[in-house]
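Residue numbers begin at 1 in each chain, while the letters A, B, ... track the order of the sequences.
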Amino acid sequence: MSVIYILITVSIVVAAVFLIAFITAVRRGQYQDSYTPSVRMLFEDELVTDKDAAETENKQSS
Amino acid sequence: MEHSGDRCYHCGDRCKEGTVPYKDKVFCCTGCKTVYGILSEHGLDGYYDLENNPGVKPAGNSSKYDFLDQAEIAGRLLEFTDETIEVVSLYIPGIHCSSCIWVLENLKKLHKGIRDSQVNFPKKTVRVTYDNTATSLREVVLLLASLGYEPYISLEDYESGPETEDRSLLYKLGIAGFVFGNVMLLSFPEYFEVREFWLEQYKPFFRWLMLLLSLPAVFYVARDYFVSSYRSIRAGMLNIDVPIALGIAVMFVRSVTDIVSGYGQGFFDSLTGLIFFMTIGKYLQQKTYTFLSFERDYKSYFPVAVTRLHEDREEIVQVNALKKGDRFLVRNEELIPVDGILKRGNAHIDYSFVTGEAHPVSKTAGDKLYAGGKQLSGLIEIEALNTVSQSYLTRLWADSSFGEKKEERYHNLTNRVSRYFTPVILVVALLSLGYWLWQGKTDTAFNAFTAVLIIACPCALALAAPFALGNLVRIFGKNKCYLKNAAVIERLAAIDTIIFDKTGTITGGNTAAIAYEGEQLDAGEQDMLRSTLRNSSHPLSRQLYAILKSNGILVPDTFEEHTGQGMEATYTDRHIRVGSAGFVGEDDTSNTGKTSVHISSDNRYKGRFTFRNVYRPGVPELFEVLGKKYRLVILSGDNDSEKDTLERLLPPGVQMLFNRKPEDKLHYVKQCRRRGARVMMVGDGLNDAGALQQSDAGVVVAEDTNVFSPACDAILDASRFRDIARFLKISKNGMQVLKVSFLLSFLYNIIGLSFAVSGKLSPVVAAILMPLSSVSIVSFVTVMTNIISRKLKQAAPL
C-alpha cells in the first residue's frame with residue numbers, strides 16, 4: 001500500500017510545478033497587461049509580408 | 001480628383017484647408033504626409049492596412065524636448081540604465097488602436113539605436129530599450145513625436161520617477177489556491193469517518209501533510225490580516241480583520257493540537273478555504289482601472305523644464321529651480337508653471353483650468369499671469385514672481401486636507417458592524433467555555449471555546465462588501481463612471497448635498513454657441529470679416545472663423561492687430577474693425593460680463609457676436625430629479641453673466657455662487673461639511689481640486705477620459721452626465737443589498753454557533769457551512785447588484 005506515498009508525492013509535485021509556473025508568469029509581468037498580447041500575436045503575418053515588400057522594393061531600386 | 005470625401009489618408013480628418021497630395025494619397029497637412037513618408041520609407045505601410053486612417057496628427061515644436069538632454073532630468077525618468085543600454089517607459093495619450101501598437105513595436109526599424117519597444121495598451125505606455133551610444137532619450141522622444149505619438153512627460157514623472165508595481169497579491173492568490181486544493185483533497189477521506197484499515201494506517205501521513213501545506217497560507221498569505229488587526233487594536237478600533245485574524249489563529253492552533261494529540265483531523269480544509277476566498281475578495285477589491293489615475297495633482301499637468309533666459313542666453317532648467325526674478329519662455333500650447341509678469345509677446349491665456357473662466361483672455365506686457373494658465377498663441381517671455389510651489393494655484397495643495405487620506409476619515413459599514421460583532425463573539429466564546437468548565441468537562445470546554453471562534457470567523461461578512469461593491473464598481477465602469485475604489489460607493493450613498501462647478505461641468509467643454517446680434521452683414525462684409533479673422537491667432541477669432549461661411553478669401557491691403565483690443569484691416573476701398581466694444585467705437589453697457597466680438601465696417605457699428613455657454617443635454621431634468629432629494633449648489637469661478645440663464649434653466653432652490661477662487665471653493669465645501677452635510681463635489685479642473693479633495697465624494701466630469709483629471713474619487717464620462725441621479729440611486733440600493741447580506745451572514749453564524757457552543761462542531765460541518773455561507777452570500781450580492789443596476793444598462797446610449 002505504500003504506493004499511496006508515491007501517488008500523493010507525485011500529485012503534490014505536479015501541483016507545485018503549476019504553482020511555480022504561475023509565479024514565474026506573474027514575475028515576468030504577464031498579468032500586467034492582458035490586452036496587448038492578444039493584438040500583438042496577430043501581427044506576425046503582416047511583418048513577414050512587409051519584409052518581403054521591402055526586399056522587392058530594394059531589388060527593384062538596385 | 002475624388003479622394004474618399006477628401007479625408008486624410010493618415011489621420012482620417014476632413015481636409016478643411018486644402019489637401020496635400022503625395023504618391024496618389026491625400027493628406028490634411030504636411031505633418032501627416034511626413035509621417036506617411038517615414039513609415040513607407042521603412043517598409044511599415046502595414047500600419048495603414050490594419051485599420052483605416054489610424055494616424056495621429058503630429059504636433060510640431062521640436063525644441064520642446066531639449067531638456068531631455070540634461071543627464072540629471074533624463075536620469076530621473078529612466079527605468080534602467082547602464083553603460084550601453086537605457087530603458088524608459090513613456091506615457092503616450094495618442095495610443096488608440098492596433099495600428100498604434102504595431103508601429104510602436106516596430107520602432108527598431110525606424111532607428112538603429114532602438115533595440116526593442118513594447119506597448120502596454122490599457123496603460124497607453126511604450127517601454128523603449130535603446131542603445132545610448134547610438135541614440136538618446138531626446139531622440140527617441142522626438143522620433144515618437146514625429147510619428148504623431150507624442151509622449152506626455154510631466155513634473156509628476158520627474159518627481160516620482162518610474163513606478164513599480166506590487167504583485168504580492170497575485171502571488172498570494174496563487175499560493176492560497178494551491179494550498180486550498182491540496183488540503184481539500186487530503187482531508188476528504190476523513191469526512192466520512194470510514195474505519196477502513198488502510199485509511200487508519202495513513203491518517204497521520206495525511207494529517208501531517210495538511211499541516212505542512214497550511215503553513216505558507218497562514219504565515220505568508222494571511223499575514224496581512226494579523227498586521228492589520230494588530231494596527232486596528234492599537235488604534236482602539238476593532239475592524240473586520242480582528243475577528244478574521246482571531247479565527248485564523250484559533251483555527252490553526254486548534255488544528256495543530258488536534259493532530260499532535262491525535263484527537264482529529266483539525267480544520268485545515270476550512271482554514272485554507274477561508275484564506276483562499278478572502279484573498280479572492282481582496283483581489284476583486286483591489287482591481288482598478290489601469291488607464292486612469294485618481295491621485296493626480298498639479299504636477300501631472302506641469303512641464304518638467306522651462307527655457308530660462310540667463311545673461312542673454314537660453315538655458316534649460318528644471319521648473320523647481322525657477323526663482324523670483326528669473327525670465328523664462330513659454331511657447332504655444334504650453335502651461336505657465338509659475339506666477340509672473342508678462343514681459344514680451346502677445347499672451348492669450350486659457351485659464352479655464354485654474355479659475356473656471358470659460359473664455360481665454362488677452363494680456364499685454366506688464367500684466368500679471370498666473371500659474372496654470374495655458375498660452376494659446378506664440379512665444380511669450382515672463383518674469384517669475386514666485387517659485388512653483390508658492391504660486392497662486394499650487395498653494396492650494398498646501399492645504400491640510402491634501403495631507404490626509406480620505407479613506408481614513410471614514411469607517412466603512414463592515415468595520416462599523418465588526419465593532420459590535422467582535423465583542424459579542426468573544427462573550428459567547430467565554431460563556432460557553434465557562435459553562436462547560438462549570439459542568440466539569442474540560443475537553444468539551446476547550447472544543448466549544450475554539451469552535452465558537454472558528455465558526456464565528458466572519459468570512460461571509462468580510463466577503464459581502466468586496467463582492468457587492470466590487471461588482472457595482474465594475475458595472476459603473478462599464479457605464480463610464482469610473483470609481484477610485486469600492487469605498488466610494490458607500491460615501492456616494494450617504495450624500496445629501498451636491499455642489500456643481502459650472503464651466504466644463506454643467507457646460508460642455510470647449511463648445512460655445514455663438515450668436516450674432518445687430519445689423520445684417522452683407523456678402524462683402526462677411527468675406528472681409530472672415531479674411532480678417534484668418535490672420536489672427538486669438539482664440540476667439542479662431543472659434544469665430546471656424547463657424548463662419550464665406551465664398552472667398554481676400555487678401556487685406558493693410559492689417560493691424562492691437563493686442564488686447566482687436567484688429568483692423570483694409571480691403572481696396574473698404575475698412576473693417578473687429579474686437580472689443582471700445583475698440584470698434586461702441587459704448588457698450590448692456591452687455592457687461594458677456595464675451596463678445598464686436599464688428600464695425602467703414603467706421604459704422606454693425607453688431608456683435610456673443611459667445612454663450614452651452615449646457616450639457618439633460619441638465620434641467622437632472623437638477624429637477626436631484627432637487628427633490630438633495631440640496632443643490634452651483635459654485636463657479638466664472639462671473640455671474642450666466643445667472644439669469646441658469647435661473648431659467650434650473651428648478652428653484654438651487655443656490656448659485658459665482659466668482660469663487662479655488663481656495664474659496666475648498667473652504668465652502670469645508671464649511672458645509674462642518675455643518676454636518678455630506679457633500680458630493682462635481683467638478684472638472686484643477687480649480688476644483690481643493691473642493692474635490694475636501695468633499696466626501698469628489699466626481700470629475702471628463703470629456704475624454706484620456707485627458708488627466710485632478711485627484712478625485714470618481715471620473716464620470718461627460719456623455720453619462722445626466723445619469724448622475726441613477727448612479728446615486730444605485731449606490732443607495734447597493735448599500736441596502738449589503739445590509740441584507742449582513743443579516744443573512746448573521747443567520748449562518750447563529751446556526752454555526754448552535755453547533756459550536758454544544759461542543760459538537762465536527763470538521764465536516766465546518767467544511768460545509770463555511771463555503772456554503774460564503775458562496776451563497778457572494779452569489780446573493782452579485783445577483784442583487786446586477787438587478788438593481790439594470791436600469792443603468794437600459795439607459796446606456798446605443
Closest approach of A:Arg27 to B:Arg167 (non-hydrogen atoms, all atoms of both residues): O-NH1, 2.7 Å
Structural part of A:Leu19 lying under 4.5 Å from a heavy atom of chain B: side chain
Spacing of CD1 belonging to A:Ile8 relative to OH belonging to B:Tyr202, to within rounding of 0.5 Å: 10.5 Å
Straight-line distance of A:Thr36 OG1 to B:Glu105 CD, nearest 0.5 Å: 7.5 Å
Over 12 foreign heavy atoms within 6.0 Å of CZ, B:Phe205: yes
Per-residue contact mode, A:Val26 against chain B (heavy atom under 4.5 angstrom): both
Distance flag, aromatic centroids of B:Tyr171 and A:Phe22, threshold under 6.0 Å: no
Which portion of B:Asn182 sits near chain A, non-hydrogen atoms under 4.5 angstrom: side chain
Closest approach of B:Phe178 to A:Ala16 (non-hydrogen atoms, all atoms of both residues): CE1-N, 3.5 Å
Contact origin within B:Leu185 toward chain A - heavy atom pairs under 4.5 Å: neither
Among A:Pro37, A:Ser11, A:Gly29, residue most engaged with chain B (heavy-atom pairs, under 4.5 Å): A:Gly29
B:Ile101 side, atom CD1; A:Tyr35 side, atom OH - distance, nearest 0.5 Å: 6.0 Å
Nearest non-hydrogen partners of A:Ile12 and B:Leu213, listed with the distance: CD1-CD1, 4.2 Å
